[in-house]
Protein chains: 2
Amino acid sequence: MDRLSLTFSALADPTRRAILARLSTGAASVNEIAAPFSMSLPAISKHLKVLERAQLIARGREAQWRPCEMKAEPLREADAWIEQYRQMWEERFDRLDAYLMELQAKSADAKATSAKTAKAKKKKP
Amino acid sequence: MDRLSLTFSALADPTRRAILARLSTGAASVNEIAAPFSMSLPAISKHLKVLERAQLIARGREAQWRPCEMKAEPLREADAWIEQYRQMWEERFDRLDAYLMELQAKSADAKATSAKTAKAKKKKP
DNA sequence: AACGTATTAAACCAAATGGTTAAATACAAG
DNA sequence: CTTGTATTTAACCATTTGGTTTAATACGTT
């Protein structure tokens with residue numbers, strides 16, 4: 001599986017996102033991580049393995065503890081992927097688009113105005 | 001399933017991400033979408049259903065065609081979630097952190113410097 | 001050596017995923 | 001009304017996922 005798919009599917013679970021939220025405030029043992037959840041320890045252990053495979057966490061060894069710490073690096077790639085589409089959801093863009101649509105509709109009879117609008121749509125503000 | 005999980009798991013598949021990339025350049029029919037893939041039409045149809053459930057696409061009706069268009073809205077939320085962790089992966093931050101670590105190490109004998117360093121670490125540059 | 005705590009592994013299960021092929025549906029055009 | 005094209009549904013299959021319970025392992029303490 002590619003890194004991006006690994007990252008996204010690791011993030012596609014609320015338990016795992018909560019674990020990352022916890023770990024973003026500092027390293028923790030498996031028991032500490034498991035505490036807030038009404039779920040067996042092995043279940044948490046499996047979630048940690050998923051996060052580890054996606055390289056969103058790394059684990060150390062201290063006596064019988066396996067402290068986990070977050071590694072945000074993979075999120076950079078995920079962010080970059082999503083970023084491509086930012087202008088598609090940004091309000092400014094939507095508003096401009098709506099405005100241009102409106103202009104275009106109103107100018108059904110005024111060809112000159114319609115041409116100007118089409119030109120304006122090409123620009124990415 | 002919550003919106004965020006729906007979004008991330010929809011994105012956790014390279015075929016679906018490719019479909020979105022295609023649709024970001026304009027609406028398309030199912031056949032057009034399917035063309036680049038060596039996969040049966042029903043398989044694509046299922047992927048589209050996943051994207052639709054995540055509200056990443058919307059479908060119209062035109063005769064026997066069901067044109068799909070991308071709706072980036074859910075990406076806003078996904079972006080916001082990831083954004084929380086931006087400073088954890090940004091290089092500037094890592095460099096500063098490394099620099100402060102270094103300072104701290106060198107000042108093992110100079111208490112005053114160490115105090116300044118700790119204070120500096122609280123700020124988010 | 002025996003016990004207690006922290007964690008993982010094994011075996012199992014139900015449900016979801018990602019794919020297939022073959023059949024059904026929806027609509028346009030002869 | 002039959003045919004052709006676009007798309008979805010149904011039935012099926014293998015694999016993965018997310019959980020369980022019951023061992024097993026690893027290490028510190030007594």
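Predicted model only: the values in this text are computed from it and were never measured.
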Between C1' of dG18(C) and CZ of Arg17(B), the distance in whole Å: 15 Å

Atom-to-atom span, NE2 of His47(B) to C1' of dT17(C) - whole angstrom: 9 Å

Check whether Glu90(B) reaches the backbone of Gln87(B) with its side chain - one donor and one acceptor, N or O, closer than 3.5 Å. no

Winner on side-chain proximity to Lys46(B), out of dG18(C), dT8(C), dT7(C), is dG18(C)

Quick one: Met39(B) CE to dG18(C) C1', roughly how many Å, whole number? 8 Å

Gln64(A) CD to dA6(C) P, in whole Å, measures 7 Å

Classify Ala43(B) by what it touches in the nucleic acid, base, sugar-phosphate, or nothing, heavy-atom distance under 4.0 Å. base

Of Arg61(A) and Val50(A), the one whose closest nucleotide on DNA chain D sits nearer the 5' end is Val50(A)

Leu41(B) CG - dT25(C) P separation (whole Å): 18 Å

Which pairs count as side chain to side chain donor-acceptor pair (under 3.5 Å) when at least one residue sits in residues 33-48 of chain A, sequence neighbours excluded? Arg16(A)-His47(A)

To the nearest 0.5 Å, what is the distance between CD1 on Ile19(B) and CG on Leu51(B)? 6.0 Å

What distance do Thr15(B) atom OG1 and Ile44(B) atom CD1 have between them, rounded to the nearest 0.5 Å? 6.5 Å

Those residues at least two apart in sequence (or on a different chain) that pass salt bridge (Lys or Arg N to Asp or Glu O under 4.0 Å) with Arg66(B) are none

Backbone of Met1(A) reached by a side-chain donor or acceptor of Ser5(A) within 3.5 Å: no

For the side chain of Ala63(B), counting heavy atoms from C-beta on, which of dT7(C), dC27(C), dT20(C) is nearest? dC27(C)

When you check the phosphate oxygens OP1 and OP2 of dT7(C), does a side-chain N or O of Asn31(A) lie under 4.0 Å from one of them? yes

With a 4.0 angstrom cut-off to heavy atoms of chain A, pull out the first and last contacting nucleotide of DNA chain D, in 5'-to-3' order. dG18(D) to dG28(D)

For Arg86(A), does the CZ atom have more than 12 heavy-atom neighbours from other residues, nucleotides or ligands under 6.0 Å away? yes

Using heavy-atom distances to pick each residue's nearest nucleotide on DNA chain D, tell me which of Arg59(B) and Ser9(A) is more 5'. Arg59(B)

Roughly, in whole Å, what's the span from CZ in Phe8(A) to C1' in dT17(C)? 18 Å

Short side-chain N/O contact to dG19(C) OP1/OP2 from Ser40(B), under 4.0 Å: no

Expressed in angstrom and rounded to an integer, what is the separation of Arg66(B) atom CZ from dC27(C) atom C1'? 12 Å

Phe37(B) has an atom CZ; how far is it from atom P of dT20(C), in whole Å? 13 Å

